[in-house]
Amino acid sequence: MNKVSFEQIVSLCKIRGFIFQGSEIYGGLANTWDYGPLGSRLKNNLKDAWRKKFIQERSNSYELDSAILMHPRVWEASGHVESFSDPLIDCKKCKIRSRADNLIENAGLSGNSLGNDEMFELIKSNGIKCPSCGECDFTEIREFNLMFETYRGTTNDKKSIVYLRPENAQGEYINFANVQRSMRCKLPFGIGQIGKAFRNEITPGNFTFRTIEFEQMEYQTFCKKGFDTELYDYFKKYGMNFFEEIGIPKTLLRFHDHEKLAHYAKAACDIEFLFPFGWGEINGTHNRTDYDLSRHQQYSKKSMEYLDSETNEKFIPYIIESTYGVDRIFLALICSAYAEEEVNGDTRKILKLNHKIAPYKAAILPLSKNLSSKAYEIYKDLSRMCMCDYDEAGSIGKRYRRQDEIGTPLCVTYDFDSETDGKMTIRQRDSMIQERIDISELKNYMSNYLKR
RNA sequence: GCGGGUGUAAUUUAGUGGUAGAAUUCCAGCCUUCCAAGCUGACAGUGUGGGUUCGAUUCCCAUCACCCGCUCCA
């Protein structure tokens, strides 16, 4: 994918119904994207693959679907209200952005509990200088809250503010005791969740890499202190393994350990993918210690302790979080699958998607329109088993090309011989193996292929 | 949020201060017996809003969006 530009990917996504710009007919809304018919399919397949690996195939593993809107105190406890909202100020001369409270503190003054206007006045009256260029010529202070706010009820007074969750994790944490009790869990156990989160970031987009509304697949493992380091290493590898299983080549992946850590974390490591614009995070594993549950215990006054019935010890569990950005992995899948091949001077686009996540598993093609009715009947039947496409428009070659371009692994062609011998030609895109299979055997053949 | 670039049909693009041209795609028809064949036809466009002008897709301003580089980033 060396020479592949982002524009080619964006263009293919639009033409083939994977991703459209958000609110396009109104000129677009920055950093929002809509997933089209094939994009939705691919995205759901990705989520299904994750669900299978993290929920279904793991024991002591439970899925959760928590509310996007949560009690505002959740975000006070989590630290988001405090650390997600900064009073920022820009130097008009050198365009460097600083935190207003830091400027005041560094000047030896106290900016505690001052409002933004007061801080601005303080900076002006004391002639506090820009740390970069030494001038004192600032824009007004702007509050930069990364959490989307909305209001419940009909009045916009402060008491009714609720936030759109900036991460899903808190949903898992505040339901820790509910899940533990109802599922009779013993440590260690995991809670996974797939859902949307929102961040009011002003950033360059890089297509769907950074958006203001995005979907996460998160997995939180609750464990006893002392077991956390081992689990942390385990989930780093588990994540890498997941990416390989859905078809992302290992050569395009790397670990990236964090040195600067978030307010809750003891250790953090990303898995990065080599996008056309450079390395970008698609997974993060964090050792969040007992920070989150302790804070919720403190703020809610509800016990978050776990009783170990073997040792009779009571303690607040540690949490290892492994979080996956759905939209970013989607993008990584498309980027790593996209290829162009030269055939007889023509450039052909191919999406080499793993069959597990391909939007369509098979396309049913009548060799001629005269064979439509029987082919369509077979298509309807196969559709009961998996997602299939049916195409009778244009030449047979063109229809194969169309399927290659959207990553369909199997093409099944009904021809004139099929009428008499009851067989169809089935072609595998990845190996280009072509076989004639009895129509009654098609489902078996396909299901065996798709199980690989 | 800063700096630079770009906006013409679904896509890729040509061109012009005076009726916007093509290729591909898509659709319909003819043809076509396994990997983007051919023919005919149809659909479809100057991101949005102002200004200058007799007249703006073209010049100017603003805005929106995307791309590149910063900045930021749990």
Side-chain angles (χ1 to χ4, degrees), chain A residues 5-17 20-33 36 78-80 83-84 86 88-99 132 139 142 144 146-147 166-170 197 199-207 209-210 216 218 258 260-265 268 270 276-278 280-281 284 286 288 291-292 321 323 325 341 343-350 363 365-371 393-405 411-419 424-427 429 432 434 436:
Chain A
S5 80
F6 232 29
E7 271 132 35
Q8 288 165 284
I9 304 268
V10 175
S11 169
L12 178 84
C13 281
K14 183 173 184 185
I15 293 172
R16 290 300 179 195
F20 309 122
Q21 183 171 10
S23 309
E24 190 187 25
I25 63 168
Y26 289 102
L29 179 66
N31 296 323
T32 63
W33 302 91
S78 71
H80 286 80
S83 73
F84 244 36
D86 300 329
L88 295 174
I89 195 164
D90 291 327
C91 173
K92 286 181 184 169
K93 284 277 179 316
C94 67
K95 313 291 186 194
I96 289 292
R97 172 172 292 167
S98 315
R99 284 181 55 158
S132 171
T139 61
R142 277 165 297 193
F144 216 66
L146 282 178
M147 282 198 290
E167 65 172 21
N168 299 356
Q170 301 305 325
R199 287 181 200 175
N200 198 359
E201 298 184 88
I202 301 175
T203 48
N206 277 331
F207 197 28
F209 184 77
R210 179 163 288 137
Q216 292 181 308
E218 288 192 343
H258 277 238
K260 271 188 354 191
L261 295 176
H263 61 267
Y264 53 72
D270 294 342
F277 57 82
E281 175 194 352
H286 311 113
R288 296 182 74 133
Y291 175 85
D292 297 277
E321 171 188 65
T323 173
E341 286 178 5
V343 179
N344 301 331
D346 269 348
T347 304
R348 293 174 174 180
K349 295 172 188 163
I350 304 178
L365 315 169
L367 190 59
S368 156
K369 271 190 186 169
N370 299 330
L371 302 164
S395 72
I396 186 71
K398 186 171 220 162
R399 285 178 274 155
Y400 277 120
R401 296 277 78 78
R402 281 195 197 115
Q403 296 302 328
D404 290 347
E405 207 169 307
C411 285
V412 193
T413 303
Y414 188 88
D415 60 26
F416 289 91
D417 293 337
S418 307
E419 301 270 81
M424 288 174 79
T425 306
I426 188 160
R427 184 205 71 164
R429 194 212 58 240
M432 289 303 274
Q434 216 164 288
R436 272 186 82 73

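Proteins get letters first, then strands, A, B, ... in listed order; numbering begins at 1 in each. Heavy atoms only: backbone and side chains are in, while hydrogens, waters and symmetry mates are out. Keep in mind that this is a model prediction, so the values were computed, not measured.
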### Task
Using heavy atoms to find the nearest nucleotide of RNA chain B for A:Gly27 and A:Glu24 separately, return the residue whose nucleotide is more 5′.
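Here A:Glu24 is the residue nearer the 5' end.
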Provide the distance between the two [atom1] atoms, one in [N] and one in [M], to the nearest whole Å.
N: B:U52; M: B:A36; atom1: C1'; value: 49 Å
N: B:A56; M: B:U8; atom1: C1'; value: 14 Å
N: B:C67; M: B:C26; atom1: P; value: 26 Å
N: B:G51; M: B:A9; atom1: P; value: 25 Å
N: B:A14; M: B:U24; atom1: C1'; value: 15 Å
N: B:U16; M: B:G21; atom1: P; value: 14 Å
N: B:U58; M: B:C70; atom1: P; value: 33 Å
N: B:U48; M: B:C68; atom1: P; value: 24 Å

## Note on the structure
With B for base contact, S for sugar-phosphate-only contact and - for none (protein heavy atoms under 4.0 Å), nucleotides 24-35 of chain B reads -SS------BBB
### Residues A:Arg288, A:Glu167: salt bridge by 4.0 Å N-O rule
yes
#### Entry: Test salt bridge (charged side-chain N to carboxylate O under 4.0 Å, His left out) applied to A:Asp404 and A:Arg16, A:Lys398, A:Arg427, the passing residue
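Single pass found, and it is A:Arg427.
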### The single option from A:Gln403, A:Glu405, A:Arg429, A:Arg401 passing side chain to side chain contact (heavy atoms under 4.5 Å, CB included) against A:Ile350
A:Arg429
### Task
Decide yes or no, distance alone: a donor-acceptor N/O pair under 3.5 angstrom between the base of B:C73 and the side-chain of A:Arg199.
no
### Query
side chain to side chain contact (heavy atoms under 4.5 Å, CB included) between A:Leu371 and A:Glu419: does it pass, once the steps are laid out?
CA-CA 9 Å; A:Leu371 302 164; A:Glu419 301 270 81; 3.9 Å; yes
### Task
Without swapping roles, check the side chain of A:Arg348 against the backbone of A:Glu341 for a donor-acceptor pair under 3.5 Å.
no
Tell me the interatomic distance from [X], atom [atom1], to [N], atom [atom2], rounded to whole angstroms.
X: A:Gln8; N: B:U11; atom1: CD; atom2: C1'; result: 12 Å
X: A:Ile25; N: B:A9; atom1: CD1; atom2: C1'; result: 17 Å
X: A:Asn31; N: B:G1; atom1: CG; atom2: C1'; result: 13 Å

### Query
Could you walk me through whether A:Arg436 and A:Asp415 pass the side chain to side chain contact (heavy atoms under 4.5 Å, CB included) check?
CA-CA 11 Å; A:Arg436 272 186 82 73; A:Asp415 60 26; 2.9 Å; yes
### Query
According to a strict under-4.0 Å criterion, is A:Asn206 in side-chain N/O contact with OP1 or OP2 of B:C68?
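Yes, such a contact exists.
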### Query
Do A:His258 and A:Asp270 come close enough that some side-chain heavy atom pair is under 4.5 Å?
yes
### Query
Hey, are the side chains of A:Trp33 and A:Cys13 touching, using non-hydrogen atoms and a 4.5 Å cut-off?
no
### Task
Using a 4.0 Å heavy-atom cut-off across all strands, classify A:Glu405 as base, sugar-phosphate, or nothing.
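If one applies the 4.0 Å heavy-atom cut-off, A:Glu405 turns out to touch a base.
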### Message
Counting the atoms with a prime plus P, OP1 and OP2 as sugar-phosphate, which does A:Phe207 contact under 4.0 Å by heavy atoms, base, sugar-phosphate, or nothing?
### Response
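Sugar-phosphate only.
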### Query
In dot-bracket form, how is RNA chain B paired, counting a Watson-Crick or G-U wobble pair only if both its distances are under 3.5 Å and using | for bases paired to another strand?
(((((((..((((....[..))))..((((.......)))).....(((((..]....))))))))))))....
